[in-house]
Amino acid sequence: MSEDGRQGLTIIAFIGSVFSPYYTWDRHQDPFDHCAVNVVLYGERANRFAMTERRRSQLSRDAEHIAIGPSSLAWDGTELTIRIDERSSPIPRAIRGTVRVRPNGITQSPFTLDTHGEHRWWPMAPSSRIEVALDKPSMSWTGTGYFDTNDGDRPLAESFSRWTWCRADLKDGAAILYDVERRDGSGQNLSLHFGRDGSRREIRPPLAADLPATRLWRIPRPTRSDDGRAQVVRTFEDTPFYARSLLSATLVGEAVRPVHESLVLDRFMNPVVRLMLPFRMPRAPK
């Protein structure tokens, strides 16, 4: 999010695009043949969504660099430089420019989200500075950001039925809430507080807070807050199986504006929903 709270940006680099219908329909299930850089802009002047899937011939990577098609991410030990060259869909408009992410600190280790250790999540840099400089659309701003990694050994929908996640900037670091509902009926509720340097600190688990479902697709948006109260400031994404929102809440004793995500995997598994996805997620030719 930008410092003034008016602009937002999400970037996800996928090897094995977990929400790809093409990956689901591929009998070979080759993750390297289903890669994408998902770029989403939320702003006052320009909202754009890009997620073009690319094949293994358009992927290159090493320990410090990954390129998927014309976009790339590179790590030099202190800064992550993301060069974006994508086109939005379904209306084809360019998203082109550079984003720099400078972590204030790195956390120690990942978390396991399921009972068998098949899904791992690492909130690697929960508190970061970001600089956005885009040519298309023309904009530049600075703000705060977050960087994490996810990897797994089986499809998400086989292990989980739903989850919610949210992250909030704090005066000295960040708070992250991650609530998972597993297929076996068990769950996991992570309440995390990290200092600016990445060190983990104690946090009292916040109280459950109800939020209204999204208007269009009625995606539930449960969350937690110190006083059990929260509000939706803005709905960024309202899709058949996923919602992203900006909230107002209280965490670790501070009034915060968390970015919140809610995923319903039973909805994602619906064949009709999967047939809708290519309109937002085109697949590049060989």
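As the structure is a prediction and not an experimental result, all values here were calculated from the model.
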Problem - N-O pairing of Arg120 and Asp151 below 4.0 Å - result: yes

Handout entry: salt bridge (Lys or Arg N to Asp or Glu O under 4.0 Å) assessment of Arg283 paired with Asp33
Key = CA-CA 11 Å; Arg283 183 160 165 83; Asp33 208 35; 3.3 Å; yes

Problem - Criterion salt bridge (Lys or Arg N to Asp or Glu O under 4.0 Å) on Arg96 and Asp135, from CA distance to verdict - result: CA-CA 6 Å; Arg96 186 180 306 119; Asp135 302 318; over 6 Å; no

Exercise for the section: Over all heavy atoms of both residues, which pair between Ser17 and Met51 is shortest? Give the atoms and the distance, please. Expected result: OG-CE, 3.3 Å

Problem - Glu131/Thr142 under side chain to side chain donor-acceptor pair (under 3.5 Å): CA gap, chis, key distance, verdict - result: CA-CA 5 Å; Glu131 294 181 3; Thr142 60; over 6 Å; no

Practice task
Is it possible for you to check whether Arg280 lies under 6.0 Å from the centre of the six-membered ring of Phe49, through NZ or CZ, and within 45° of that ring's axis?
Solution key: yes

Handout entry: Student check: side-chain heavy atoms of Val256 and Leu247 closer than 4.5 Å
Key = no

Handout entry: Side-chain touch Ser159/Arg154, heavy atoms, less than 4.5 angstrom
Key = yes

Completion exercise
The single option from Asn189, Thr164, Leu190 that satisfies side chain to side chain contact (heavy atoms under 4.5 Å, CB included) with Tyr178 is Leu190

Problem - Aromatic ring proximity, centroids under 6.0 angstrom, Tyr146 and Trp165 - result: yes

Practice task
Report the relative orientation of the aromatic rings in Phe19 and Phe14; use parallel for angles under 30°, tilted for 30 to 60°, perpendicular for over 60°.
Solution key: perpendicular

Exercise for the section: Evaluate whether atom CZ of Arg204 has more than 12 neighbouring non-hydrogen atoms of other residues, nucleotides or ligands under 6.0 angstrom away. Expected result: no

Practice task
Taking the six-membered ring for Trp and the full ring for Phe, Tyr or His, determine whether the centres of Phe268 and Tyr242 are under 6.0 Å apart.
Solution key: no

Problem - Check: Leu9 and Trp141 side chains under 4.5 Å, non-hydrogen atoms - result: yes

Exercise for the section: Taking the side chain as every heavy atom from C-beta outward, state whether Glu237 and Val40 have any pair of such atoms under 4.5 Å apart. Expected result: yes

Exercise for the section: Decide yes or no for Arg83 and Ser72: does some side-chain heavy atom of the first lie under 4.5 Å from some side-chain heavy atom of the second? Expected result: yes

Problem - Sub-4.5 Å side-chain heavy-atom contact between Arg87 and Ser89 - result: no

Handout entry: Step-by-step salt bridge (Lys or Arg N to Asp or Glu O under 4.0 Å) determination, Glu261 to Arg221
Key = CA-CA 8 Å; Glu261 298 181 346; Arg221 292 184 282 193; over 6 Å; no

Problem - Flag side-chain contact, heavy atom, 4.5 Å: Phe32 against Arg61 - result: yes

Practice task
Would you check, one step at a time, whether the test salt bridge (Lys or Arg N to Asp or Glu O under 4.0 Å) holds for Arg55 with Asp30?
Solution key: CA-CA 10 Å; Arg55 303 168 194 268; Asp30 179 3; over 6 Å; no

